[in-house]
Amino acid sequence: MPNENGLTHEEVLQQLHAGIDMPLEIYEEIIEKYESISNWLDRPDSSISQFDPMVAPQGSVRLGTANRPIAENDEYDVDLICRLNASKYDFTQKSLKEAVGREIIAYASRNGMKKQPENKRRCWTLEYTNARNFHVDVLPCIPDVESYRARLKEAGHAQIADNARVAQQAVAITDDTHERYAVISDDWPSSNPLGYAEWFKEQMAECVAAEKRALFEATRLYDHVEDIPDYKVKTTLQKAVQLLKRHRDSVFGDDPEHKPISIIVTTLAARAYNNETTLVEAISNILERFDEALEEINGVVWVVNPVNPEENFADKWEEIPEKAAAFRKWLKAARHDFGRYLNMLPPHEVPESLRARLGTTLVEKVMDSLRDRAPKVAAPAFITSQNTERAQVMVERVRERGTGSAPWLNLLNLRE
Amino acid sequence: MLDFAEFERALAFRQPKLRLRQTGEILVAKGEFVLSDGASLEGRLDAFDIEMLVATSYPEVEPLVREVGGRIPYHPDWHMYANGRCCTCIWEEWCATSADTSFKAFCEGPLRNFFLSQHVFEKTGEWPFGERAHGAAGYLQAAANFLGLDEDDTHADRYLQAVAAQSLKGHWDCPCGSGRRLRDCHYAHFVSLRERVDRNQAIHLLTRLLELRRQERVNFRKPPR
Ligand SMILES: [Zn+2]
């Protein structure tokens, strides 16, 4: 029998994913870090404690799509938001940025951090250089629910405006290049990173529920399924996004300037995802349909922000065509590399191109750990004896789908 | 209409050994066509060297598929023309009877079926999804299939006429060949048949069938003594 020890592509992909996934203890370390910042901002003599500051992860850490860095010593990138319960009359963008900054600087010196926090265009950056290196961006912001709703409704997106879980997370952020940065104004840049995370979660809600139920039943660590934090479970969509991001990082390893940004990869993958329960099916479907959600509006390519359809995640592509070209180049490579493995080769034969993209060391480690599962008989010996049976199975599947078709011959074309 | 992005969506992942490009209005795929059933424990089943030309006006024009590896005999019995062109299916039949006529559906349907059939035929001498008779006779079988008749029903052309007609007339001879008037025979049957199948498709198939017959008569009549 071929493969009686049952090694499958699914198992290999799952193992490869486990090898690139950000480990749980890192999640826990990040939670410690932002809770510590949160406690500092909220302490009685904090200059902003009256605004009830809330610090929470956003971006890939929140989405559960963060990978380990490629090199062992590289830093982990963490994006946090710091939301003050204040209004556009309490602060200018500048005074909000500075109010949060003062406390962040105090926090850094209090904790003996070697590098002073850096004042970036929209955020403050903290560098942790301990046992592990973390690069943490803190985004100061204030709630912006009403104007977010109004703007969306005006633009004809009532459905998103009425989605409370998404809309309630809308915020106004600061930008030191904004023309009204230093004056009291209604006109702030808006954003909704936590609303986006809610949208992303909705795209895989079935799978999240199933994974949580499975964990609940398997561990008895929790009294209720609802007590399980999101980061404890991982869906096939999240895993697929992580594998694709790693592939992308490696394709653009030497030349990251035009690398497709993560929010584009994540959005397109989530759009294509169709509740596949296996990683093989999810990656296959996502790669096939990946660019289906690209829209062309008046000759401009759009990757619509699902929680703000007026925003184009690919807004730089028009001005910098190299970015669009880089996206195409990467998609082609990803389809080829994963496609070759999943459609042409047996599970124990990860092709060279995919090995290189996901990390040769990692792939070798995984294949080593699965070595005893690879078939012991040399492949060609059984393949010939099994082929007729395999073809028959493929024929049966076509018949079941009712998509059989019979060849013909047009006699008139014989004279071609 | 078919653009390059959709062409790639249908082929780039499932057929990693095909090189895809566009030349004007023509989309070209060249290389190895892999016969596979997805992530299989044994990898691919077989592969054929092909060249496929697809017009951007798809599905208006049938894709042109050639086997260029010499793996299949270029002989009518293999449904191959002398220039290596493959007759994957009766295009109008597939278009009229498939729920999905997208290019991806063509790739996973007639295109894949053709090479899977060749693989099986080579091993067993049988066509797993059947084969159409050559020429107009095969087209008649296709018409029967379209109408839901037995595929060897030689009255399919008359049935097709009754479906394609603007309205049914009771005084017609019944297409079933009983010799009775339609109103005294299969009238109700044809009323419901006309509700089930698309009349425009029927007209299209009938036109093509009659055209094929006419051309075959012209081309293959016995040479004058
Ligand atoms: Zn009758």
Side-chain angles (χ1 to χ4, degrees), chain A residues 2-3 6-10 13 278 280-281 284 287-292 294 328 331-332 334-347 349 375 379 382-383 386-388 390-399 401-416, chain B residues 5 8-10 12-17 34-46 76 79-83 85-90 93-94 98 104-105 108-110 112-114 116-117 119-120 123-124 127-136 138-139 142 212 215-216 219-220:
Chain A
N3 249 314
L7 181 64
T8 60
H9 292 85
E10 179 69 14
L13 286 189
T278 70
V280 167
E281 287 170 320
S284 300
L287 277 176
E288 279 196 283
R289 298 180 46 212
F290 199 74
D291 58 346
E292 224 174 59
L294 290 183
R328 285 278 159 212
L331 177 57
K332 193 174 163 186
R335 280 170 167 165
H336 177 269
D337 297 344
F338 283 100
R340 219 169 111 66
Y341 179 48
L342 295 178
N343 294 304
M344 291 180 62
L345 296 165
E349 279 179 41
F382 62 75
I383 278 194
Q386 297 287 326
N387 265 0
T388 326
R390 266 189 81 191
Q392 214 45 52
V393 171
M394 285 162 75
V395 167
E396 273 317 311
R397 260 186 228 153
V398 173
R399 286 190 185 136
R401 283 199 298 269
T403 55
S405 55
W408 178 55
L409 197 82
N410 186 342
L411 293 170
L412 300 162
N413 289 354
L414 287 178
R415 312 197 151 199
E416 262 178 8
Chain B
E8 281 189 304
R9 276 197 288 279
F13 174 77
R14 293 285 172 202
Q15 296 296 339
K17 297 282 253 183
V34 174
L35 208 48
S36 159
D37 41 4
S40 155
L41 298 183
E42 291 97 38
R44 68 177 182 191
L45 176 72
D46 203 345
H79 301 278
M80 298 287 293
Y81 301 109
N83 59 3
R85 185 174 162 191
C86 311
C87 192
T88 57
C89 65
I90 293 183
E93 176 190 14
W94 183 69
S98 305
K104 186 175 179 352
E108 284 163 11
R112 184 174 177 275
N113 292 342
F114 183 81
L116 180 55
S117 294
H119 175 93
V120 173
K123 302 251 177 325
T124 68
W127 297 99
F129 310 112
E131 60 177 330
R132 292 272 173 258
H134 295 168
Y139 211 92
L212 270 175
Q215 289 186 343
E216 282 180 14
N219 281 277
F220 304 117

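Order of the sequence lines fixes the chain letters, A, B, ..., with proteins taken first and strands second; residue numbering starts at 1 for each chain.
If you tally non-hydrogen atom pairs under 4.5 Å between each of B:Gly135, B:Ser117, B:Ala142 and chain A, the highest count goes to B:Gly135. If you tally non-hydrogen atom pairs under 4.5 Å between each of B:Ala136, B:Gly109, B:Ser40 and chain A, the highest count goes to B:Ser40. Between chain B and the options A:Leu287, A:Val280, A:Leu345, A:Asp291, the largest number of non-hydrogen pairs under 4.5 Å is found for A:Asp291. Ranked by heavy-atom pairs shorter than 4.5 Å toward chain B, the options A:Glu281, A:Arg399, A:Lys332 are led by A:Arg399. Considering only heavy-atom pairs separated by less than 4.5 Å from chain B, the leading option among A:Asp337, A:Val395, A:Thr403, A:Val393 is A:Val395. Contact tally against chain A (heavy-atom pairs below 4.5 Å) for B:Ala39, B:Pro110, B:Ser36: the top residue is B:Ala39.
One N or O on the side chain of B:Tyr81 and one on the backbone of A:Asn410 form a donor-acceptor pair closer than 3.5 Å.
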Verdict with reasoning, A:Leu414 to B:Phe220, per side chain to side chain contact (heavy atoms under 4.5 Å, CB included): CA-CA 11 Å; A:Leu414 287 178; B:Phe220 304 117; 5.8 Å; no
Test log, rule salt bridge (Lys or Arg N to Asp or Glu O under 4.0 Å), inputs B:Lys104 and A:Glu288: CA-CA 10 Å; B:Lys104 186 175 179 352; A:Glu288 279 196 283; 3.0 Å; yes
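For B:Glu8, the parts lying near chain A are the backbone and the side chain together; criterion is any non-hydrogen pair under 4.5 Å. For chain A, the nearby parts of B:Ile90 are the backbone and the side chain; heavy atoms of each come within less than 4.5 Å. With a 4.5 Å cut-off on non-hydrogen atoms, B:Thr88 touches chain A through its backbone but not through its side chain. Neither the backbone nor the side chain of B:Ala105 comes within less than 4.5 Å of any heavy atom of chain A.
Here B:Arg44 contributes atom CZ and A:Arg340 contributes atom CZ; the two are 8.5 Å apart, rounded to the nearest 0.5 Å. To the nearest 0.5 Å, the span separating CZ on A:Arg397 from CG on B:Leu116 amounts to 11.0 Å. Rounding to the nearest 0.5 Å gives a distance of 8.5 Å between CH2 of B:Trp94 and OG of A:Ser405. With rounding to the nearest 0.5 Å, the separation of CD in B:Glu42 from CZ in A:Arg390 is 5.0 Å.
Considering B:His134, B:Arg132, B:Glu131, B:Met80 as possible partners of A:Leu409, the one that fulfils the side-chain contact (heavy atoms from CB on, under 4.5 Å) test is B:His134. Remark: of the listed residues B:Arg14, B:Lys17, B:Gln15, B:Arg14 is the sole one forming a side chain to side chain donor-acceptor pair (under 3.5 Å) with A:Asn343.
Closest non-hydrogen pair, B:Pro16 versus A:His336, comes out as O-CD2, 3.2 Å. Listed here is the closest heavy atom pair of B:His79 and A:Trp408: ND1-O, 2.9 Å. In terms of heavy atoms, B:Asp37 sits closest to A:Met394 at OD2-CG, 3.5 Å. Across all their heavy atoms, B:Arg85 and A:Asn413 have their closest contact at NH1-ND2, 3.6 Å. Closest of all the heavy-atom pairs between B:Gly130 and A:Pro407 is O-CD, 3.3 Å.
Contact check for B:Leu41 versus A:Pro346: no side-chain heavy atoms found under the 4.5 Å cut-off.
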